[in-house]
2 protein chains.
Amino acid sequence: MGSLQGERMSGLVWNVLQAANRLTEVGNRLAAPFGLTAARWQVMGVIMMQEASIADIARALSQSRQGVQRLADDLVRDGMAVYRPNPRHARAKLLVPTPGGTASYQGLMQEQGKWMEDLARDLPVEDIGVARAVLAQLVSTLDAGRSSSTADED
Amino acid sequence: MGSLQGERMSGLVWNVLQAANRLTEVGNRLAAPFGLTAARWQVMGVIMMQEASIADIARALSQSRQGVQRLADDLVRDGMAVYRPNPRHARAKLLVPTPGGTASYQGLMQEQGKWMEDLARDLPVEDIGVARAVLAQLVSTLDAGRSSSTADED
DNA sequence: AGCATATTGACAACATGTTGTCATAATGCA
DNA sequence: TGCATTATGACAACATGTTGTCAATATGCT
């Protein structure tokens, strides 16, 4: 029954999940010295580009507003970011990095750069490209399937 | 600063994390009709091969005993598995699937097979192989780095 | 046999994500 | 203008993972 194609795909899925677990774990270790976590780092990444409301950030990360809300509150509590009034919306405050948050983020990005070069050293350049294309296609297919079955979310 | 190799690697990491999120989400939707979740499905997968203690399962999945313990208790509560005395260890009970759990798992695996074939349809066979190799190498490198820096865990 | 060490399960605290529900603010259309 | 719809934030419940701690059980070595 199980087609050869299907078997290979199952193996790929397993590799993806394993890799994601490891990457998140290392990401957390990398971020800890800067007072950040992998998840908060992601949020900082969004607001470093441009100030954004909670809902904006959630959309940028394909996550729920509620989850991002808690991360944002944590960042504010830790002095990494602050809420600023939004001239275009009374409730949707804008989250912006503090100077300290900016410094942490930039230091962390520098560490991440070194880490990425270490990881890339073991892999053929062209294979990385192929892997990216495969995963991008996979994400695209999965997203397409989602929008067809459920028309609304949140 | 950021090398080209590093940039490509960062992109790959982002693709991996995105793909893992989607896969887990779809996995949960797939498992729900069978009274399972993606996480419990994984645990069932281990004990379908061979009865195992909580610690055995945790090692097989590279997860913490504590996390697996809760999933196992959930499976037992839902009638998917039962604890059986371990002749070789007074405390380390063995987790084994019930007939109902076995039926759910097998039905789910059949659904998964169809899903995998759908996903594989969009992708060149040889590219899947390359992607798997890249991710396997990545996992290997990440695991190697972990064992060198931290000698003990748990 | 006896004791140090490792393994295991239980319990607690926490980080990260989800969904559901509600109230308020913004928007668009008759 | 007024009203239905949408967008947003807040709060709660839950699923899944982590780490830390403790007690009980095995195991191995002298």
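Just so you know, these numbers use all the heavy atoms, side chains as well, and skip hydrogens, waters and symmetry mates.
Between the side chain of Gln66(A) and the base of dG9(D) there is no donor-acceptor pair of N/O atoms closer than 3.5 Å. In terms of polar N and O atoms assigned as donor or acceptor, the side chain of Glu25(B) never comes within less than 3.5 Å of the base of dG17(C) in a complementary pairing.
Atom CD of Glu126(A) has more than 12 neighbouring heavy atoms from other residues, nucleotides or ligands inside a 6.0 Å radius.
Under 4.0 angstrom from either OP1 or OP2 of dT8(C) there lies at least one side-chain N or O belonging to Arg59(B). Dashed line: the shortest gap from a side-chain N or O of Arg40(A) to OP1 or OP2 of dT16(C) is under 4.0 Å. Listed pair Ser64(A) / dT18(C) meets the phosphate criterion, a side-chain N or O lying under 4.0 Å from OP1 or OP2. Listed pair Lys93(A) / dA25(C) fails the phosphate criterion, with no side-chain N or O lying under 4.0 Å from OP1 or OP2. Contact annotation: Gln69(A) side-chain N/O to dG9(D) OP1/OP2 distance is not under 4.0 Å.
Atom CZ in Arg77(B) sits about 10 Å away from atom P in dT16(D), given to the nearest Å. One atom, CZ of Arg22(A), and another, P of dT18(D), lie 10 Å apart when rounded to the nearest Å. Per the geometry, CG belonging to Asp73(A) stands 10 Å off C1' belonging to dG9(D), to the nearest Å. Between the CZ atom of Arg65(B) and the C1' atom of dA24(D) there is a distance of 12 Å, rounded to whole Å. For the pair Asn28(B) CG and dT16(C) P, the computed distance is 20 Å after rounding to whole Å. The CZ-P distance, from Arg29(A) to dG17(D), rounds to 19 Å in whole Å. Going from atom CG of Leu23(A) over to atom C1' of dG17(D) covers 16 Å, rounded to whole Å. The CG atom of Leu71(A) sits 13 Å away from the C1' atom of dC14(C) (whole-angstrom rounding).
By the 4.0 Å N-to-carboxylate-O rule, Asp74(A) lies close enough to Arg77(A) to be salt-bridged with it. A salt bridge is absent between Glu25(A) and Arg22(A); no separation between the charged side-chain nitrogens and carboxylate oxygens falls under 4.0 Å.
Here the CE-CD distance, from Met9(A) to Glu117(B), works out to 11.5 Å after rounding to the nearest 0.5 Å. Leu71(B) CG to Thr37(B) OG1: the interatomic distance, rounded to the nearest 0.5 Å, is 6.5 Å.
For Thr37(A), the listed nucleotide lying nearest its side chain is dT16(C); candidates were dT16(C), dT8(C), dG17(D).
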